[in-house]
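Numbers here simply count residues along the sequence, with the first being 1. Remember, it's 1-based here, ligands and their atoms both numbered in the order they're listed.
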Amino acid sequence: MPATPASRYRIDGGQPVSGRIRGLGAKNFATKAMVAALLAEGKTTLLNAPRIGDVDITCELLAAAGAKLAWPSEGVLEIDASALASADVPVPDSGSNRIPILLLGVLLHRLGAAHVPVVSGCNIGARPVDFHLDAARLFGADIEIAKDGYRARRHGPLNACHYRLPYPSVGATESCLFLGVLARGTSIIENVATEPEIIALITLLNAMGARIQLRPNRELVIEGVDRLYATTFEVLGDRIEAASWAALAAATDGDITVDGIDPATLINFFGPFNAVGGGVSIEGPRSIRFFRRRPLKSIVLETDVFPGFATDWQQPFAVMLTQASGTSIIHETVYERRFDYLEALAALGARTQIETHCLGSVACRFRGRDFPHSAIIQGPTKLRSEGLSLEVPDLRAGLAYVMAAALAEGETTITGVPRVERGYGALAERTRGLTLRLATA
Ligand code: EPZ
């Protein structure tokens, strides 16, 4: 990390972006693996741990509980949770982060209580935590909803339960895993999320001594055990970041190789990417080259839970679609309000429109609820910036702004950079191997 974190980027765009970049370890697994480490009384070692803002925030939350954390070398994070002492989870400095609610189950097991502040995640929808709380109650926790957060307590060990998630929520599935692994008896959790980061978390917990089976039809069977053991585990590559570099290469007619990413985690990205006109070449076991194979053309696309097209892929994809000829449609079915960033693209010259109807092939949970969750993008449009300044609204939109600025002829200033760096680290340093003209201030 740089000594002084950047507060703004200045991007001089309008040229193809080419080169090579080392992908980060996945934020959305690394932070959960860190929480999992608290379940074992010993030293867990995470390899390929990304040095990003969200990991730093999670380090602070774990340290406040009494864990000892160290980075003995680049990408290696040690977490010693032998002596936990505090059940009070502080409000993260960033003010928004999804990790505190995941600590509820873990601290309940280890300390018998958990006091978790109410914090939001990125500003992309209401993001309630009702499934997490319902699950904890079914496992036997008493939960009081106070002004400053959730106060949970257990009387005796937590007991196994049968719970059907109303929606395959990633975070609530993780909460159920944390609650179930050390509960007494066998829990059945239905309708769970199966994202690659969830599979990695199940693998990590099983490597720690848990007995979790993922059955077909999104069902988890968790046989509770008495204790878990610390282990060493490698963080998988970040499929969201990799998809963003892919979209940037195709959008600018550049050529970008991303190292450190398992192609299997991009399985349902490649299809739409190829359909639009992107090209993919697997260069090695964890190395993928992305480029533009032919002139880009429009697509109709729906985001969904895994194995669907990830909601976190839609922003970089939308930037690429501004360069595709025809009318593209994106129907966002995971979050009710994830298109605010299109306004900024429009300021650069993109032709976009947001609709409250379900414009995809399925009616989603948001049907008839007046949420702006479908987008229409007309292309191709030449993006231009005459010294425009864009404020980053959330992490994923932030990288989409970087992409849009790289596409747009002229100079664009991007502010609110810490929101981007929470998930992508020091971008100026990390993109040195690319022909991206990005300076920090
Ligand atoms: C995770 O968020 C990721 N964050 C998100 O990435 C990602 O977009 C999302 O999963 C979906 O893949 C982290 O892993 C830290 P959810 P999470 O619970 O777990 C509703 C990023 O930038 N819901 O799967 O918070 C919720 O409102 C972020 O890296 C409830 O209604 O997402 C949403 O509509 C952005 N009640 C849907 O489920 C609940 O109790 C999916 O949310 C929980 C969720």
Note to self: Within the structure, is a non-hydrogen atom of R365 found at a distance of less than 4.0 Å from ligand 1?
What the structure shows: yes
Check: According to the ring-ring contact (aromatic ring centres under 6.0 Å, His included) rule, which pairs have a member within residues 155-202, sequence neighbours left out?
Finding: none
Check: Counting only N and O atoms by type, is there a donor-acceptor contact under 3.5 Å from the side chain of E195 to the main-chain atoms of I198?
Finding: no
Notebook entry, point to check: Heavy atom under 4.0 Å from ligand 1: found in D312's side chain, backbone, both, or neither?
Noted result: side chain
Margin query: Only heavy atoms of G171, strictly under 4.0 Å: list the atoms of ligand 1 that pass.
Written below: 18 (O), 19 (O)
Check: How does T311 reach ligand 1, if at all, at less than 4.0 Å between non-hydrogen atoms: by side chain, backbone, both, or neither?
Finding: side chain
Item checked: Distance-only polar pair, side chains of E332 and T303, donor-acceptor under 3.5 Å -> yes
Note to self: So if I count the atoms of ligand 1 from 1 in the order they appear, which ones are less than 4.0 Å from some heavy atom of V334?
What the structure shows: 33 (C), 34 (O), 37 (C), 41 (C)
Notebook entry, point to check: Against heavy atoms of L395, which atoms of ligand 1 measure under 4.0 Å?
Noted result: 22 (O)
Checklist line | Between E223 and T186: side-chain donor-acceptor atoms closer than 3.5 Å | finding: no
Check: Are P128 and ligand 1 in contact, using a heavy-atom cut-off of under 4.0 Å?
Finding: yes
Checklist line | Proximal atoms of ligand 1 relative to R396 (non-hydrogen, under 4.0 Å) | finding: 21 (C), 22 (O), 29 (O)
Checklist line | Residues that R137 engages under salt bridge (charged side-chain N to carboxylate O under 4.0 Å, His left out), provided they are two or more places apart | finding: D134
Note to self: Can you see whether S389 engages T413 through a side-chain donor-acceptor pair at a distance of less than 3.5 angstrom?
What the structure shows: no
Check: Hey, does K32 sit under 4.0 Å from ligand 1 if you only count heavy atoms?
Finding: yes
Margin query: Check whether R365 reaches the backbone of V334 with its side chain - one donor and one acceptor, N or O, closer than 3.5 Å.
Written below: yes
Notebook entry, point to check: Backbone, side chain, both or neither: what part of E197 comes under 4.0 angstrom of ligand 1, heavy atoms only?
Noted result: neither
Check: Taking non-hydrogen atoms only, is F131 closer than 4.0 angstrom to ligand 1 via side chain, backbone, both or neither?
Finding: both
Checklist line | Subset of ligand 1 atoms that lie under 4.0 Å from at least one heavy atom of H132 | finding: 40 (O)
Next item on the list: List every atom of ligand 1 that sits less than 4.0 Å from any heavy atom of Y167, numbering the atoms from 1 in the order shown and giving each element.
Entry: 37 (C), 38 (O), 41 (C)
Item checked: Per-atom contacts of ligand 1 with V129, taking only distances under 4.0 Å to non-hydrogen atoms -> 40 (O)
Check: So is E174 polar-close to ligand 1, meaning N/O to N/O under 3.5 Å?
Finding: no
Next item on the list: Would you check if the side chain of D54 reaches a backbone N or O of G423 as a donor-acceptor pair within less than 3.5 Å?
Entry: no
Check: Roughly how far, to the nearest 0.5 Å, is CG of L204 from NZ of K32?
Finding: 12.5 Å
Notebook entry, point to check: Numbering the atoms of ligand 1 from 1, which are under 4.0 Å from a heavy atom of R338?
Noted result: 8 (O), 35 (C)
Margin query: Using only atom types and a distance under 3.5 Å, with no angle test, would you say the side chain of S73 pairs donor to acceptor with the backbone of V76?
Written below: no
Next item on the list: Take R51 and E74, measure what salt bridge (charged side-chain N to carboxylate O under 4.0 Å, His left out) needs, and give me the verdict at the end.
Entry: CA-CA 9 Å; R51 206 73 207 260; E74 180 67 31; over 6 Å; no
Checklist line | Minimum non-hydrogen distance to atom 12 (O) of ligand 1, winning option of D304, T31, V170, T303 | finding: V170
Notebook entry, point to check: Would you say Y335 and ligand 1 have an N/O pair spaced under 3.5 Å apart?
Noted result: yes
